Protein chains: 2
Amino acid sequence: MRVTRKSDYGLRALCTLARHYNREPVSIGQLSAEHKIPEPFLEKIMQELREHGLVEATHGRGGGYLLKKRPSQISLREIVQALDGPIALVTCLDPSLKCAIEDGCPTSPIWEIVNHQLEEYLASLTLSDVMKLQGE
Amino acid sequence: MRVTRKSDYGLRALCTLARHYNREPVSIGQLSAEHKIPEPFLEKIMQELREHGLVEATHGRGGGYLLKKRPSQISLREIVQALDGPIALVTCLDPSLKCAIEDGCPTSPIWEIVNHQLEEYLASLTLSDVMKLQGE
DNA sequence: TGAACTCGGAGTATTTTACTCGGAATTTGA
DNA sequence: TCAAATTCCGAGTAAAATACTCCGAGTTCA
Ligand code: FES
Ligand code: FES
């Protein structure tokens, strides 16, 4: 029942990018120092975020990353899905896998409901919510 | 973001025990056959459920397991906590571990909220809810 | 007394997560 | 124009968590 470290690291980095929204890009070096994230690992994370359209990168000296959308347009759900893959509380809910029992499985309906609730809840929270909470 | 197989297996087994509430105990053999769970693994699972006071066992021939409380008194949260340990969406929320940043960590407030919501939601669902959904 | 059970502890195997490495490509400023 | 600062990409390795096994011992009951 855990979000991977990738998602937590990713979210922390995105917070910094939210502060820099509409300003100069932020490099891996800066991000990893601020949040104590191993550099090469964060590099991979930012790459995935870019592939999923959440950030964009500028190459070369002075380059780095910036948010591609407004902080209020980026939900926790998107972030977690980008880094951890589909939200599936049990393996049977992961579209890329299949389950042992299928029909007549007593637990599948309840997990579907819980999963759906969780997904909707994460969709309702955005980077700007995270920023707001931080200030308190 | 996954409940372990242990919890899913455990929940399936508990469903059968719910049907047998106030009747004869059900053995590991029966349970594992019905739900296609490896016998020795299920044995461990039932042991943990017993240690957490959710089921009770009777030894010897004709023995097996029975629920120790009414199905409506057993929440998903208890089950998951018994088998997967504390519900902690990120490692920082697990009381047995500590975190790298602590003060000023931008993500900790939001994860606490999400974690709490999830926990409450699981607490609100019981074995009898699972049974009801199954009938549909 | 022996078959059908659970108990308990100590394992092993498999999968997932976390993280590293090195070389190529891109941009900018001196 | 070249060297430094940066991302990009693919292929790894290391560590941790999960999934599962094994076996000998204790219980109960017919
Ligand atoms: S085994 Fe797949 S839904 Fe239960
Ligand atoms: S690192 Fe522990 S709360 Fe963020």
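Computed from heavy atoms alone, side chains included, the values below leave out hydrogens, waters and symmetry copies. Values in this document were obtained by computation on a predicted structure and should not be read as measured data. All chains are named by letter (A, B, ...) in the order of the sequence lines, taking the proteins before the strands, and each is independently numbered beginning at 1.
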Review point. When you look at A:L11 and A:L127, which way does the side-chain contact (heavy atoms from CB on, under 4.5 Å) test go after all the steps?
Key: CA-CA 8 Å; A:L11 181 57; A:L127 255 192; 3.9 Å; yes

Could you tell me how far apart [X] ([atom1]) and [N] ([atom2]) are, to the nearest whole angstrom?
X     : N      : atom1 : atom2 : answer
A:K6  : C:dT20 : NZ    : P     : 14 Å
A:E24 : D:dA5  : CD    : P     : 18 Å
B:D8  : D:dC20 : CG    : C1'   : 16 Å
B:L42 : D:dA19 : CG    : C1'   : 13 Å
B:I45 : C:dC7  : CD1   : P     : 14 Å
A:E48 : C:dA18 : CD    : P     : 12 Å
A:E56 : C:dT27 : CD    : P     : 13 Å
B:E39 : D:dC20 : CD    : C1'   : 13 Å

Is a side-chain N or O of [X] found less than 3.5 angstrom from the main chain of [Y], in a donor-acceptor match?
X      : Y     : answer
B:N115 : B:I87 : yes
A:Q30  : A:S27 : yes
B:Q73  : B:R70 : no

**Study point:** Working for side-chain contact (heavy atoms from CB on, under 4.5 Å), residues A:Y65 and A:T16
**Key:** CA-CA 10 Å; A:Y65 294 89; A:T16 301; over 6 Å; no

Exercise for review: Evaluate the side-chain contact (heavy atoms from CB on, under 4.5 Å) criterion for residues A:V114 and B:L122: first the C-alpha distance (whole Å), next the side-chain angles of each, then the deciding distance (0.1 Å), finally the verdict.
Suggested key: CA-CA 8 Å; A:V114 176; B:L122 289 176; 4.0 Å; yes

Practice item. Give a yes/no on whether any side-chain N or O of A:Y9 is located under 4.0 angstrom from OP1 or OP2 of C:dC19. Key: yes

Report each atom pair, protein N/O against N/O of nucleotides 12-18 of chain D, whose distance is under 3.5 angstrom.
none

Review point. So what does A:P38 touch, heavy atoms closer than 4.0 Å: a base, only the sugar-phosphate, or nothing?
Key: sugar-phosphate

Exercise for review: Considering non-hydrogen atoms only, spot the tightest contact between B:W111 and B:L93 and give its length.
Suggested key: O-CD1, 3.7 Å

Exercise for review: Over all heavy atoms of both residues, which pair between B:A13 and B:L42 is shortest? Give the atoms and the distance, please.
Suggested key: CB-CD1, 4.2 Å

Revision key, fill the gap. Sorted by chain and number, sequence neighbours left out, side chain to side chain donor-acceptor pair (under 3.5 Å) with B:R2 holds for A:D94

Study note, to complete from the structure: Sorted by number, residues from residues 74-96 of chain A placing a heavy atom under 4.0 Å from DNA chain D are none

Can you give each donor-acceptor pair under 3.5 Å made by side-chain atoms of residues 51-58 of chain B, sequence neighbours left out, with the distance rounded to 0.1 Å?
{"from": "B:H52", "atom 1": "ND1", "to": "B:E48", "atom 2": "O", "distance (Å)": "3.0"}
{"from": "B:T58", "atom 1": "OG1", "to": "B:G64", "atom 2": "N", "distance (Å)": "3.3"}

Protein-nucleic acid N or O pairs under 3.5 Å, nucleotides 6-9 of chain D:
{"from": "D:dT7", "atom 1": "OP1", "to": "A:I28", "atom 2": "N", "distance (Å)": "2.8"}
{"from": "D:dC8", "atom 1": "OP1", "to": "A:R50", "atom 2": "NE", "distance (Å)": "3.0"}
{"from": "D:dC8", "atom 1": "OP2", "to": "A:Y65", "atom 2": "OH", "distance (Å)": "2.7"}
{"from": "D:dC8", "atom 1": "N4", "to": "A:E43", "atom 2": "OE2", "distance (Å)": "2.7"}
{"from": "D:dC9", "atom 1": "OP2", "to": "A:R50", "atom 2": "NH2", "distance (Å)": "3.0"}
{"from": "D:dC9", "atom 1": "N4", "to": "A:E43", "atom 2": "OE2", "distance (Å)": "3.4"}

Check your understanding: Taking only residues two or more places apart in sequence or in another chain, which ones pass side-chain contact (heavy atoms from CB on, under 4.5 Å) with A:E43?
Key -> A:I28, A:Q47

